[in-house]
Number of protein chains: 2
Amino acid sequence: MPQRPASPHRRTNDPEGLRQRLVDAAYIAFSTRGYHSTGLHELKREAGVTGGALSHHFPTKKALGLAVIQDRVAEAVELTWITPVKLATTTSDGIQAVFASIISELERKGTVSGCPLNNLALELSCQDKDFQAAIEAIFMRWRTAIADKLRADLRGSTIHDFDSEAMATLVVATYSGAMAMAKACQSVAPLATCAKQLTSIIQNQTSLATHLNLESGYPVSRS
Amino acid sequence: MPQRPASPHRRTNDPEGLRQRLVDAAYIAFSTRGYHSTGLHELKREAGVTGGALSHHFPTKKALGLAVIQDRVAEAVELTWITPVKLATTTSDGIQAVFASIISELERKGTVSGCPLNNLALELSCQDKDFQAAIEAIFMRWRTAIADKLRADLRGSTIHDFDSEAMATLVVATYSGAMAMAKACQSVAPLATCAKQLTSIIQNQTSLATHLNLESGYPVSRS
DNA sequence: GTGAAAACAGGACAACTGTCCTGTTTTAGT
DNA sequence: ACTAAAACAGGACAGTTGTCCTGTTTTCAC
(Lines give C-alpha, C1' and ligand atoms only; values in the text may rest on other atoms or scores of the structure.)
Protein backbone atom coordinates (compact mmCIF):
# COMPACT_ATOMS: atom_id res chain seq x y z
CA MET A 1 0.00 0.00 0.00
CA PRO A 2 1.31 3.43 -0.91
CA GLN A 3 2.50 5.33 2.11
CA ARG A 4 3.14 8.03 -0.44
CA PRO A 5 -0.13 8.68 -2.28
CA ALA A 6 -0.28 8.83 -6.05
CA SER A 7 0.46 12.54 -6.50
CA PRO A 8 0.95 13.95 -3.03
CA HIS A 9 1.13 17.66 -3.79
CA ARG A 10 4.85 18.11 -3.89
CA ARG A 11 5.83 21.26 -2.03
CA THR A 12 9.02 23.14 -1.47
CA ASN A 13 9.48 24.44 2.04
CA ASP A 14 10.16 28.15 1.88
CA PRO A 15 9.13 29.72 5.16
CA GLU A 16 10.58 33.12 4.40
CA GLY A 17 9.13 33.35 0.93
CA LEU A 18 5.74 32.16 2.05
CA ARG A 19 5.69 34.69 4.82
CA GLN A 20 6.56 37.46 2.39
CA ARG A 21 3.80 36.40 0.01
CA LEU A 22 1.31 36.42 2.85
CA VAL A 23 2.31 39.82 4.19
CA ASP A 24 2.37 41.24 0.67
CA ALA A 25 -1.15 40.05 -0.09
CA ALA A 26 -2.35 41.22 3.31
CA TYR A 27 -0.75 44.64 2.84
CA ILE A 28 -2.52 45.15 -0.46
CA ALA A 29 -5.84 43.88 0.87
CA PHE A 30 -5.73 45.77 4.17
CA SER A 31 -4.65 48.98 2.47
CA THR A 32 -7.29 48.94 -0.22
CA ARG A 33 -10.29 47.09 1.16
CA GLY A 34 -9.56 47.55 4.86
CA TYR A 35 -8.63 45.24 7.71
CA HIS A 36 -12.08 44.12 8.77
CA SER A 37 -13.39 43.90 5.23
CA THR A 38 -10.73 41.35 4.35
CA GLY A 39 -11.51 37.78 5.29
CA LEU A 40 -8.72 35.33 5.98
CA HIS A 41 -10.21 32.69 3.69
CA GLU A 42 -10.27 35.29 0.93
CA LEU A 43 -6.70 36.24 1.77
CA LYS A 44 -5.49 32.65 1.73
CA ARG A 45 -6.93 32.23 -1.74
CA GLU A 46 -5.26 35.41 -3.02
CA ALA A 47 -1.90 34.57 -1.50
CA GLY A 48 -2.14 30.94 -2.57
CA VAL A 49 -1.51 29.53 0.87
CA THR A 50 -3.39 27.00 2.99
CA GLY A 51 -4.84 27.40 6.43
CA GLY A 52 -2.08 25.38 7.98
CA ALA A 53 0.61 27.64 6.56
CA LEU A 54 -1.22 30.76 7.64
CA SER A 55 -1.77 29.66 11.21
CA HIS A 56 1.80 28.45 11.40
CA HIS A 57 3.31 31.82 10.49
CA PHE A 58 0.59 33.98 12.02
CA PRO A 59 -1.44 32.37 14.80
CA THR A 60 -4.03 35.17 14.70
CA LYS A 61 -5.26 37.82 12.30
CA LYS A 62 -3.92 40.48 14.63
CA ALA A 63 -0.40 39.06 14.31
CA LEU A 64 -0.69 39.33 10.54
CA GLY A 65 -1.99 42.87 10.78
CA LEU A 66 0.84 43.84 13.08
CA ALA A 67 3.36 42.38 10.65
CA VAL A 68 1.79 44.34 7.80
CA ILE A 69 2.09 47.56 9.77
CA GLN A 70 5.61 47.04 11.01
CA ASP A 71 7.02 45.57 7.81
CA ARG A 72 5.12 46.99 4.85
CA VAL A 73 3.46 50.20 6.02
CA ALA A 74 6.57 51.45 7.79
CA GLU A 75 8.59 50.62 4.69
CA ALA A 76 6.11 52.41 2.44
CA VAL A 77 6.35 55.59 4.52
CA GLU A 78 10.10 55.29 4.45
CA LEU A 79 10.25 54.87 0.68
CA THR A 80 7.63 57.38 -0.40
CA TRP A 81 8.22 60.09 2.18
CA ILE A 82 11.22 59.95 4.46
CA THR A 83 13.95 59.01 1.97
CA PRO A 84 12.84 61.41 -0.80
CA VAL A 85 12.60 64.30 1.66
CA LYS A 86 15.95 63.48 3.17
CA LEU A 87 17.63 63.35 -0.24
CA ALA A 88 16.02 66.55 -1.53
CA THR A 89 18.01 69.77 -1.55
CA THR A 90 15.42 71.48 0.65
CA THR A 91 12.37 70.37 2.63
CA SER A 92 10.05 72.37 0.42
CA ASP A 93 11.43 70.76 -2.69
CA GLY A 94 11.21 67.33 -1.12
CA ILE A 95 7.58 67.75 -0.13
CA GLN A 96 6.63 69.06 -3.53
CA ALA A 97 8.39 66.13 -5.20
CA VAL A 98 6.65 63.60 -2.92
CA PHE A 99 3.23 65.08 -3.61
CA ALA A 100 3.89 65.18 -7.34
CA SER A 101 5.05 61.58 -7.33
CA ILE A 102 2.03 60.37 -5.41
CA ILE A 103 -0.39 62.37 -7.54
CA SER A 104 0.98 60.99 -10.79
CA GLU A 105 0.89 57.50 -9.35
CA LEU A 106 -2.77 57.93 -8.36
CA GLU A 107 -3.68 59.32 -11.77
CA ARG A 108 -2.03 56.33 -13.38
CA LYS A 109 -4.02 53.77 -11.41
CA GLY A 110 -7.31 55.67 -11.62
CA THR A 111 -8.68 55.26 -8.09
CA VAL A 112 -7.68 56.81 -4.76
CA SER A 113 -7.53 54.15 -2.08
CA GLY A 114 -5.88 56.45 0.42
CA CYS A 115 -2.78 56.43 2.60
CA PRO A 116 -2.20 52.92 3.99
CA LEU A 117 -0.99 54.29 7.30
CA ASN A 118 -4.01 56.52 7.72
CA ASN A 119 -6.45 53.86 6.63
CA LEU A 120 -5.18 51.40 9.21
CA ALA A 121 -4.72 54.11 11.83
CA LEU A 122 -8.35 55.15 11.77
CA GLU A 123 -9.59 51.58 11.62
CA LEU A 124 -7.42 49.99 14.29
CA SER A 125 -6.08 52.63 16.69
CA CYS A 126 -9.09 52.50 18.99
CA GLN A 127 -9.48 48.76 18.70
CA ASP A 128 -6.21 47.47 20.04
CA LYS A 129 -3.35 48.88 22.05
CA ASP A 130 -0.67 47.04 20.07
CA PHE A 131 -1.98 48.37 16.77
CA GLN A 132 -2.09 51.86 18.21
CA ALA A 133 1.48 51.70 19.43
CA ALA A 134 2.82 50.35 16.13
CA ILE A 135 1.02 53.03 14.14
CA GLU A 136 2.01 55.80 16.51
CA ALA A 137 5.67 54.83 16.10
CA ILE A 138 5.45 55.26 12.33
CA PHE A 139 3.78 58.65 12.65
CA MET A 140 6.47 59.71 15.10
CA ARG A 141 9.28 58.63 12.79
CA TRP A 142 7.64 60.35 9.83
CA ARG A 143 7.18 63.63 11.69
CA THR A 144 10.65 63.56 13.18
CA ALA A 145 12.28 62.97 9.79
CA ILE A 146 10.60 66.07 8.35
CA ALA A 147 11.43 68.13 11.40
CA ASP A 148 15.08 67.11 11.12
CA LYS A 149 15.16 68.15 7.49
CA LEU A 150 13.56 71.49 8.35
CA ARG A 151 16.20 72.10 10.99
CA ALA A 152 18.91 71.17 8.50
CA ASP A 153 17.48 73.75 6.09
CA LEU A 154 17.84 76.48 8.66
CA ARG A 155 21.41 75.57 9.48
CA GLY A 156 23.45 78.74 9.29
CA SER A 157 20.63 81.25 9.37
CA THR A 158 20.02 81.92 13.04
CA ILE A 159 16.27 81.91 13.37
CA HIS A 160 14.56 81.73 16.71
CA ASP A 161 10.84 81.66 16.24
CA PHE A 162 10.51 78.87 13.70
CA ASP A 163 9.15 75.68 15.23
CA SER A 164 10.35 72.80 13.06
CA GLU A 165 8.44 70.19 15.03
CA ALA A 166 5.20 72.09 14.68
CA MET A 167 5.73 72.62 10.96
CA ALA A 168 6.51 68.91 10.50
CA THR A 169 3.28 68.05 12.30
CA LEU A 170 1.42 70.41 9.99
CA VAL A 171 2.95 68.79 6.92
CA VAL A 172 2.06 65.26 7.98
CA ALA A 173 -1.42 66.27 9.08
CA THR A 174 -2.10 68.19 5.88
CA TYR A 175 -0.96 65.32 3.70
CA SER A 176 -3.03 62.80 5.65
CA GLY A 177 -6.11 64.96 5.53
CA ALA A 178 -5.64 65.84 1.88
CA MET A 179 -5.40 62.17 1.05
CA ALA A 180 -8.56 61.52 3.02
CA MET A 181 -10.38 64.21 1.06
CA ALA A 182 -8.93 62.82 -2.16
CA LYS A 183 -10.29 59.41 -1.26
CA ALA A 184 -13.66 60.84 -0.35
CA CYS A 185 -14.10 62.66 -3.65
CA GLN A 186 -11.98 60.26 -5.70
CA SER A 187 -9.87 63.06 -7.09
CA VAL A 188 -6.29 64.22 -6.67
CA ALA A 189 -7.41 67.85 -6.52
CA PRO A 190 -7.16 68.20 -2.71
CA LEU A 191 -3.64 66.78 -2.84
CA ALA A 192 -2.56 69.20 -5.55
CA THR A 193 -4.09 72.14 -3.71
CA CYS A 194 -2.49 71.27 -0.38
CA ALA A 195 0.87 70.62 -1.98
CA LYS A 196 0.84 74.10 -3.43
CA GLN A 197 -0.29 75.65 -0.17
CA LEU A 198 2.27 73.77 1.90
CA THR A 199 5.28 74.77 -0.17
CA SER A 200 4.07 78.35 -0.24
CA ILE A 201 3.68 78.34 3.53
CA ILE A 202 7.09 76.86 4.25
CA GLN A 203 8.85 79.29 1.96
CA ASN A 204 6.96 82.27 3.37
CA GLN A 205 7.50 81.13 6.92
CA THR A 206 11.23 80.59 6.56
CA SER A 207 11.84 83.75 4.57
CA LEU A 208 9.63 85.73 6.93
CA ALA A 209 11.56 84.41 9.88
CA THR A 210 14.77 85.36 8.14
CA HIS A 211 13.50 88.86 7.64
CA LEU A 212 12.32 89.19 11.20
CA ASN A 213 15.71 87.99 12.24
CA LEU A 214 17.20 91.17 10.80
CA GLU A 215 15.45 92.86 13.74
CA SER A 216 14.45 95.80 11.58
CA GLY A 217 10.95 97.02 10.77
CA TYR A 218 11.03 96.49 7.04
CA PRO A 219 11.58 93.37 4.99
CA VAL A 220 14.12 92.86 2.29
CA SER A 221 12.47 93.89 -0.93
CA ARG A 222 13.24 91.58 -3.80
CA SER A 223 12.94 94.02 -6.71
CA MET B 1 -59.18 30.95 24.43
CA PRO B 2 -57.25 34.21 24.79
CA GLN B 3 -56.74 35.91 21.48
CA ARG B 4 -54.81 38.39 23.54
CA PRO B 5 -52.16 36.51 25.54
CA ALA B 6 -51.64 37.07 29.23
CA SER B 7 -49.08 39.90 29.02
CA PRO B 8 -48.48 40.51 25.35
CA HIS B 9 -45.65 42.97 25.48
CA ARG B 10 -47.57 46.18 25.22
CA ARG B 11 -45.85 48.58 22.87
CA THR B 12 -46.38 52.13 21.76
CA ASN B 13 -45.98 52.72 18.06
CA ASP B 14 -43.52 55.54 17.56
CA PRO B 15 -41.94 55.18 14.13
CA GLU B 16 -40.15 58.50 14.22
CA GLY B 17 -38.77 58.06 17.71
CA LEU B 18 -37.67 54.52 17.06
CA ARG B 19 -35.90 55.58 13.91
CA GLN B 20 -34.10 58.33 15.80
CA ARG B 21 -33.00 55.92 18.51
CA LEU B 22 -31.65 53.56 15.89
CA VAL B 23 -29.75 56.20 13.96
CA ASP B 24 -28.41 57.66 17.20
CA ALA B 25 -27.08 54.32 18.40
CA ALA B 26 -25.68 53.57 14.95
CA TYR B 27 -23.99 56.97 14.76
CA ILE B 28 -22.23 56.42 18.04
CA ALA B 29 -21.25 52.86 17.19
CA PHE B 30 -20.09 53.59 13.63
CA SER B 31 -18.15 56.67 14.74
CA THR B 32 -16.32 54.99 17.58
CA ARG B 33 -16.00 51.32 16.70
CA GLY B 34 -16.38 51.62 12.95
CA TYR B 35 -18.97 50.49 10.43
CA HIS B 36 -17.77 46.96 9.82
CA SER B 37 -16.83 46.36 13.44
CA THR B 38 -20.40 46.99 14.51
CA GLY B 39 -22.75 44.04 14.19
CA LEU B 40 -26.45 44.60 13.69
CA HIS B 41 -27.41 42.22 16.52
CA GLU B 42 -25.12 44.19 18.80
CA LEU B 43 -26.68 47.41 17.55
CA LYS B 44 -30.23 46.16 18.08
CA ARG B 45 -29.39 45.33 21.67
CA GLU B 46 -27.87 48.76 22.31
CA ALA B 47 -30.74 50.62 20.69
CA GLY B 48 -33.31 48.40 22.35
CA VAL B 49 -35.07 47.46 19.14
CA THR B 50 -36.00 44.15 17.60
CA GLY B 51 -35.07 42.71 14.24
CA GLY B 52 -38.49 43.41 12.86
CA ALA B 53 -38.31 47.08 13.70
CA LEU B 54 -34.82 47.41 12.26
CA SER B 55 -35.61 45.75 8.97
CA HIS B 56 -38.82 47.75 8.72
CA HIS B 57 -37.08 51.12 8.98
CA PHE B 58 -33.82 50.09 7.31
CA PRO B 59 -34.02 47.11 4.97
CA THR B 60 -30.22 46.83 4.82
CA LYS B 61 -27.20 47.86 6.84
CA LYS B 62 -26.16 50.16 4.03
CA ALA B 63 -29.42 52.07 4.31
CA LEU B 64 -28.74 52.59 8.00
CA GLY B 65 -25.19 53.71 7.30
CA LEU B 66 -26.41 56.14 4.68
CA ALA B 67 -28.92 57.59 7.12
CA VAL B 68 -26.20 58.00 9.73
CA ILE B 69 -24.03 59.90 7.28
CA GLN B 70 -26.75 62.13 5.87
CA ASP B 71 -28.52 62.80 9.15
CA ARG B 72 -26.00 62.67 11.98
CA VAL B 73 -22.56 63.15 10.46
CA ALA B 74 -23.67 66.06 8.30
CA GLU B 75 -25.35 67.60 11.32
CA ALA B 76 -22.24 67.12 13.45
CA VAL B 77 -20.08 68.92 10.90
CA GLU B 78 -22.66 71.66 10.73
CA LEU B 79 -22.80 72.11 14.50
CA THR B 80 -19.13 71.78 15.37
CA TRP B 81 -17.59 73.50 12.37
CA ILE B 82 -19.75 75.40 9.93
CA THR B 83 -21.99 77.31 12.32
CA PRO B 84 -19.22 78.36 14.75
CA VAL B 85 -17.01 79.55 11.91
CA LYS B 86 -19.87 81.42 10.30
CA LEU B 87 -20.77 83.16 13.55
CA ALA B 88 -17.18 84.08 14.46
CA THR B 89 -15.91 87.59 13.82
CA THR B 90 -13.14 86.28 11.60
CA THR B 91 -12.25 82.94 10.05
CA SER B 92 -9.08 82.71 12.05
CA ASP B 93 -10.96 83.27 15.29
CA GLY B 94 -13.60 80.75 14.30
CA ILE B 95 -11.07 78.05 13.51
CA GLN B 96 -9.20 78.63 16.73
CA ALA B 97 -12.46 78.44 18.70
CA VAL B 98 -13.50 75.21 16.98
CA PHE B 99 -10.16 73.57 17.67
CA ALA B 100 -10.21 74.71 21.29
CA SER B 101 -13.72 73.41 21.76
CA ILE B 102 -12.92 70.03 20.24
CA ILE B 103 -9.69 69.71 22.22
CA SER B 104 -11.37 70.41 25.54
CA GLU B 105 -14.14 67.98 24.66
CA LEU B 106 -11.60 65.27 23.88
CA GLU B 107 -9.68 65.93 27.09
CA ARG B 108 -12.92 65.62 29.02
CA LYS B 109 -13.81 62.21 27.61
CA GLY B 110 -10.25 60.86 27.76
CA THR B 111 -9.99 59.00 24.46
CA VAL B 112 -9.66 60.20 20.87
CA SER B 113 -12.02 58.29 18.61
CA GLY B 114 -11.45 60.61 15.68
CA CYS B 115 -13.57 62.67 13.32
CA PRO B 116 -16.75 60.74 12.44
CA LEU B 117 -16.69 62.00 8.88
CA ASN B 118 -13.11 60.95 8.36
CA ASN B 119 -13.57 57.59 10.01
CA LEU B 120 -16.46 56.69 7.75
CA ALA B 121 -14.84 58.31 4.72
CA LEU B 122 -11.76 56.13 4.89
CA GLU B 123 -13.74 53.02 5.69
CA LEU B 124 -16.54 53.32 3.14
CA SER B 125 -15.50 55.60 0.26
CA CYS B 126 -13.89 52.83 -1.76
CA GLN B 127 -16.53 50.27 -0.88
CA ASP B 128 -19.69 51.83 -2.20
CA LYS B 129 -20.53 54.58 -4.64
CA ASP B 130 -23.48 55.87 -2.59
CA PHE B 131 -21.38 56.15 0.55
CA GLN B 132 -18.71 57.98 -1.38
CA ALA B 133 -21.17 60.47 -2.84
CA ALA B 134 -22.80 61.20 0.52
CA ILE B 135 -19.43 61.74 2.20
CA GLU B 136 -18.09 63.83 -0.64
CA ALA B 137 -21.10 66.14 -0.36
CA ILE B 138 -20.35 66.83 3.31
CA PHE B 139 -16.70 67.55 2.59
CA MET B 140 -17.75 69.89 -0.19
CA ARG B 141 -20.17 71.78 2.06
CA TRP B 142 -17.59 72.01 4.83
CA ARG B 143 -14.89 73.37 2.53
CA THR B 144 -17.23 75.81 0.82
CA ALA B 145 -18.45 77.23 4.13
CA ILE B 146 -14.90 78.04 5.20
CA ALA B 147 -14.04 79.49 1.80
CA ASP B 148 -17.10 81.74 1.97
CA LYS B 149 -16.07 82.98 5.39
CA LEU B 150 -12.54 83.66 4.16
CA ARG B 151 -13.92 85.67 1.26
CA ALA B 152 -16.15 87.58 3.65
CA ASP B 153 -13.08 88.42 5.75
CA LEU B 154 -11.37 89.98 2.77
CA ARG B 155 -14.39 92.09 1.84
CA GLY B 156 -13.17 95.65 1.40
CA SER B 157 -9.50 94.97 1.16
CA THR B 158 -8.86 94.34 -2.51
CA ILE B 159 -6.55 91.38 -2.52
CA HIS B 160 -5.88 89.45 -5.68
CA ASP B 161 -3.52 86.62 -4.96
CA PHE B 162 -5.31 85.01 -2.03
CA ASP B 163 -7.06 81.77 -2.96
CA SER B 164 -9.87 81.25 -0.47
CA GLU B 165 -10.85 77.86 -1.86
CA ALA B 166 -7.31 76.57 -1.58
CA MET B 167 -6.97 77.88 1.96
CA ALA B 168 -10.27 76.27 2.94
CA THR B 169 -9.06 72.96 1.53
CA LEU B 170 -5.91 73.33 3.57
CA VAL B 171 -7.89 73.98 6.74
CA VAL B 172 -10.14 70.96 6.30
CA ALA B 173 -7.26 68.73 5.31
CA THR B 174 -5.11 69.86 8.21
CA TYR B 175 -7.88 69.32 10.72
CA SER B 176 -8.70 65.88 9.34
CA GLY B 177 -5.09 64.83 9.35
CA ALA B 178 -4.41 66.29 12.78
CA MET B 179 -7.36 64.36 14.16
CA ALA B 180 -6.04 61.20 12.54
CA MET B 181 -2.66 61.75 14.19
CA ALA B 182 -4.40 62.52 17.46
CA LYS B 183 -6.26 59.23 17.21
CA ALA B 184 -3.09 57.36 16.34
CA CYS B 185 -1.17 58.64 19.34
CA GLN B 186 -4.22 59.14 21.59
CA SER B 187 -3.26 62.70 22.38
CA VAL B 188 -4.64 66.12 21.51
CA ALA B 189 -1.12 67.44 20.89
CA PRO B 190 -1.29 67.28 17.07
CA LEU B 191 -4.59 69.15 17.16
CA ALA B 192 -3.20 71.89 19.38
CA THR B 193 -0.10 72.22 17.23
CA CYS B 194 -2.01 72.40 13.96
CA ALA B 195 -4.51 74.89 15.39
CA LYS B 196 -1.68 77.21 16.29
CA GLN B 197 -0.01 76.76 12.92
CA LEU B 198 -3.22 77.29 10.98
CA THR B 199 -4.19 80.55 12.64
CA SER B 200 -0.65 81.81 12.25
CA ILE B 201 -0.68 80.94 8.58
CA ILE B 202 -4.02 82.56 7.84
CA GLN B 203 -3.07 85.76 9.60
CA ASN B 204 0.32 85.90 7.93
CA GLN B 205 -1.16 85.09 4.56
CA THR B 206 -3.90 87.71 4.72
CA SER B 207 -1.71 90.43 6.22
CA LEU B 208 1.05 89.60 3.78
CA ALA B 209 -1.41 89.88 0.93
CA THR B 210 -2.61 93.19 2.33
CA HIS B 211 0.91 94.46 2.45
CA LEU B 212 1.67 93.31 -1.03
CA ASN B 213 -1.50 95.00 -2.12
CA LEU B 214 -0.05 98.33 -1.11
CA GLU B 215 2.36 97.76 -3.98
CA SER B 216 5.15 99.28 -1.95
CA GLY B 217 8.30 97.68 -0.65
CA TYR B 218 7.64 98.09 3.06
CA PRO B 219 4.81 96.85 5.27
CA VAL B 220 2.62 98.88 7.59
CA SER B 221 4.31 98.84 10.96
CA ARG B 222 1.86 98.53 13.81
CA SER B 223 3.78 100.35 16.55
C1' DG C 1 20.09 6.52 9.50
C1' DT C 2 17.19 8.32 13.11
C1' DG C 3 14.48 11.36 15.78
C1' DA C 4 12.61 15.70 16.50
C1' DA C 5 11.15 19.91 15.19
C1' DA C 6 9.75 22.98 11.70
C1' DA C 7 6.81 23.66 7.61
C1' DC C 8 3.00 22.88 5.51
C1' DA C 9 -1.98 20.48 3.77
C1' DG C 10 -6.76 20.44 4.30
C1' DG C 11 -10.60 20.68 6.48
C1' DA C 12 -13.72 21.00 10.88
C1' DC C 13 -15.71 24.04 14.05
C1' DA C 14 -18.52 27.28 16.77
C1' DA C 15 -19.56 31.94 16.72
C1' DC C 16 -21.17 35.56 14.29
C1' DT C 17 -22.69 38.24 10.14
C1' DG C 18 -26.68 40.47 7.58
C1' DT C 19 -31.06 39.32 5.80
C1' DC C 20 -35.56 37.59 5.66
C1' DC C 21 -39.87 35.49 7.18
C1' DT C 22 -44.12 34.65 9.62
C1' DG C 23 -47.04 36.49 13.03
C1' DT C 24 -49.19 40.06 16.02
C1' DT C 25 -50.44 44.65 17.29
C1' DT C 26 -51.41 49.38 16.38
C1' DT C 27 -53.00 53.01 13.37
C1' DA C 28 -55.85 55.23 10.08
C1' DG C 29 -59.07 55.66 6.27
C1' DT C 30 -63.99 54.99 5.12
C1' DA D 1 -67.28 48.79 12.76
C1' DC D 2 -64.42 47.12 9.25
C1' DT D 3 -60.38 46.73 6.64
C1' DA D 4 -55.95 47.51 4.85
C1' DA D 5 -51.64 49.16 5.70
C1' DA D 6 -48.11 50.49 8.75
C1' DA D 7 -45.38 49.29 12.85
C1' DC D 8 -43.41 46.20 15.33
C1' DA D 9 -42.01 41.13 17.79
C1' DG D 10 -39.09 37.33 17.59
C1' DG D 11 -36.68 34.14 15.65
C1' DA D 12 -34.93 31.26 11.52
C1' DC D 13 -31.67 31.10 7.96
C1' DA D 14 -27.55 30.51 4.99
C1' DG D 15 -23.23 32.39 4.42
C1' DT D 16 -19.01 33.98 6.42
C1' DT D 17 -15.85 34.92 10.11
C1' DG D 18 -11.40 33.62 12.68
C1' DT D 19 -9.46 29.82 14.89
C1' DC D 20 -7.98 25.27 15.69
C1' DC D 21 -7.03 20.41 14.87
C1' DT D 22 -5.13 16.20 12.99
C1' DG D 23 -2.09 14.54 9.62
C1' DT D 24 1.77 14.57 6.29
C1' DT D 25 6.05 16.20 4.47
C1' DT D 26 10.42 18.45 4.62
C1' DT D 27 14.50 19.90 7.06
C1' DC D 28 18.24 19.42 10.05
C1' DA D 29 21.06 18.14 14.03
C1' DC D 30 23.58 14.16 15.75
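Any value given below was found using the heavy atoms of this structure, including those in side chains, with hydrogens, waters and symmetry copies removed. Convention: sequence-line order gives letters A, B, ...; per-chain numbering from 1.
- Per the geometry, CG belonging to A:Leu64 stands 10 Å off P belonging to D:dG18, to the nearest Å.
- Atom CG of A:Leu22 is separated from atom P of C:dA7 by 13 Å (rounded to the nearest Å).
- When rounded to the nearest whole Å, the span between CG of B:Asn13 and C1' of C:dA28 equals 12 Å.
- The separation between B:Leu54 atom CG and C:dG18 atom P is 10 Å, rounded to whole Å.
- DNA chain C is contacted by B:Thr38, B:Gly39, B:Leu40, B:His41 of residues 28-48 of chain B, taking any non-hydrogen atom closer than 4.0 Å.
- Whole-Å rounding puts the B:Asp14 CG to D:dA7 P distance at 11 Å.
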Q: Determine, stepwise, if the pair B:Ile82 / B:Ile146 fulfils side-chain contact (heavy atoms from CB on, under 4.5 Å).
A: CA-CA 7 Å; B:Ile82 297 179; B:Ile146 294 178; over 6 Å; no
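- Distance NZ (B:Lys62) to C1' (C:dG18): 14 Å, rounded to an integer number of Å.
- One can place NE2 of A:His56 at 14 Å from C1' of D:dT24, the figure rounded to the nearest angstrom.
- No side-chain donor-acceptor contact under 3.5 Å links B:Gln203 to the backbone of B:Ser92.
- An end-to-end axis angle of 10° holds for the helix from C:dG1-D:dC30 to C:dT30-D:dA1, taken from five base pairs per end and rounded to 10°.
- At least one donor-acceptor pair under 3.5 Å links the side chain of A:Lys183 to the backbone N or O of A:Ser113.
- Side chain of B:Ser125 to main chain of B:Leu122: no donor-acceptor pair is present (N/O by atom type, distance under 3.5 Å, no hydrogens or angles).
- When the side-chain nitrogen and oxygen atoms of B:Thr60 are compared with OP1 and OP2 of C:dT19, one or more of them lie within a distance under 4.0 Å.
- Here salt bridge (Lys or Arg N to Asp or Glu O under 4.0 Å) pairs that include residues 82-106 of chain B, with residues two or more places apart or in two chains, are B:Glu105-B:Arg108.
- Comparing C:dC8, D:dG10, D:dC20 by their closest approach to the side chain of A:Ser55 singles out D:dC20.
- Taking the six-membered ring where tryptophan is involved, the planes of A:Trp81 and A:Phe99 are perpendicular, since the angle between them exceeds 60° and thus also 30°.
- A salt bridge links A:Asp71 with A:Arg19; the closest basic N to acidic carboxylate O contact falls under 4.0 Å.
- In terms of modelled atom types and a separation under 3.5 Å, the side chain of A:Thr144 and the main chain of A:Met140 share a donor-acceptor contact.
- Taking a cutoff of 4.0 Å between a charged side-chain nitrogen and a carboxylate oxygen, A:Arg141 and A:Glu75 do not qualify as a salt bridge.
- Following rounding to the nearest Å, A:Glu16 (CD) and C:dA6 (C1') show an atom-to-atom distance of 13 Å.
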